[in-house]
Amino acid sequence: MAGMLQIRRSRGAASGFLLVLLGAWGALIPFIGPYFHYAYTPDTAWTYTTARLWLEILPGAAVFLGGILLIIATGRHIALFGALLAAAAGAWFTLGPILSPLWNNHVPLGGSPAGTTVFLRIMEQLGFYSALGLVIVFVAAAAFGRILSVPSGIPAIETIPPTETIPAEQTVPAEQTVPARTGPTLTLPFRRARTEALPQRQARTEDS
């Protein structure tokens with residue numbers, strides 16, 4: 001049964017590596033984004049809030065853990081769990097700010113984009129929540145489908161035992177070998193040419 005659940009580790013390595021990077025981005029960007037003017041309010045580096053815990057730190061850590069599981073997993077169930085965990089966290093990146101007013105007295109959590117231009121505020125919205133969550137869900141879903149498409153188990157490789165060599169003392173000496181049986185040679189009969197009767201016939205014709 002254990003062999004039926006085994007997969008090659010390379011099946012989820014690439015997707016897992018991408019999820020690790022995306023999870024680290026989602027968890028750390030609210031703290032390091034203000035250094036290059038890419039932030040949500042409060043736009044100060046390394047500022048902790050409860051909203052950042054629920055909307056960015058925890059889902060980012062879940063995506064990071066799901067990617068690690070995909071990288072190191074040799075069992076199908078562990079790899080599938082990692083992909084599902086990352087997909088759920090990615091969905092929360094997208095839906096969390098939208099659903100947060102339901103438990104926060106109709107006030108969205110997470111603050112607002114701190115960019116000075118419309119384009120920068122759009123990029124902050126996409127990079128912090130919406131597009132980040134969609135990309136994570138896509139990568140996790142691709143990894144999930146790739147793992148499911150693997151045939152059950154890893155085919156066992158049959159080992160062939162090495163051929164036994166015959167020791168030199170067990171070989172048959174040349175004088176004990178059986179000679180080949182040869183039969184008598186056959187000669188084919190042939191008809192001898194009747195050349196001796198020709199002179200007699202010539203003599204009779206001359207006498208006549």
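Just so you know, these numbers come straight off a predicted model, no measurement behind them. For this chain, numbers begin at 1 and follow the sequence in order.
- Looking at every heavy atom in both residues, A83 comes nearest to A140 through O-CB, 3.4 Å.
- Listed here is the closest heavy atom pair of D43 and A114: CB-CB, 3.9 Å.
- Cluster membership check: L53 does not share its hydrophobic cluster with L85, using side-chain heavy-atom separations under 4.5 Å among Ile, Leu, Val, Met, Phe, Trp and Tyr.
- Every pair passing side-chain hydrogen bond (donor to acceptor under 3.5 Å, both in side chains) that includes a residue from residues 26-38 is listed here, sequence neighbours excluded: Y35-W46.
- In this structure, the side chain of T41 engages the main chain of S112 through a donor-acceptor pair within 3.5 Å.
- Hydrophobic clustering (ILVMFWY, side-chain heavy atoms < 4.5 Å, transitive): L65 and V139 are in distinct clusters.
- One finds the CD1 atom of I72 at 5.5 Å from the CG atom of L69 (value rounded to the nearest 0.5 Å).
- Here the shortest heavy-atom pairing between T47 and P42 reads CG2-CG, 3.9 Å.
- In terms of hydrophobic clustering, with Ile, Leu, Val, Met, Phe, Trp and Tyr side chains grouped at heavy-atom distances under 4.5 Å, M123 and L55 are assigned to a common cluster.
- Proximity of a side-chain donor or acceptor of T94 to a complementary backbone N or O of S130 within less than 3.5 Å is detected.
- The only member of F93, Y40, W25 that meets ring-ring contact (aromatic ring centres under 6.0 Å, His included) when paired with F128 is Y40.
- With rounding to the nearest 0.5 angstrom, the CG atom of L109 is 10.5 Å from the CG atom of L102.
- Scanning both residues, G110 and A51, for their nearest heavy atoms gives N-CB, 3.4 Å.
- Panel note: side chain Q125, backbone P113; no donor-acceptor pair is recorded below 3.5 Å.
- What you find for A89 and P59 is that their closest heavy atoms are CB-O, 3.4 Å.
- Atom CZ of F81 sits in a sparse spot, with 12 or fewer heavy atoms from other residues, nucleotides or ligands closer than 6.0 Å.
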request  = Check the pair I136, W92 against side chain to side chain contact (heavy atoms under 4.5 Å, CB included), reporting the backbone distance first and the verdict last.
outcome  = CA-CA 10 Å; I136 291 173; W92 184 248; over 6 Å; no

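- Side-chain contact between F138 and L18 is absent, with no heavy-atom pair separated by less than 4.5 Å.
- Cluster membership for I147 and F144, using ILVMFWY side-chain heavy atoms within less than 4.5 angstrom, is shared.
- Hydrophobic cluster membership differs between L19 and L134, with clusters built from Ile, Leu, Val, Met, Phe, Trp and Tyr side chains linked at under 4.5 angstrom.
- Counting only residues at least two apart or in different chains, side-chain hydrogen bond (donor to acceptor under 3.5 Å, both in side chains) contacts with residues 48-66 comprise E56-Y129.
- Within a 6.0 Å sphere centred on CZ of F119, heavy atoms belonging to other residues, nucleotides or ligands number 12 at most.
- Contact record, I78 with A73: CG2-CB, 3.8 Å, taken as the closest heavy-atom pair.
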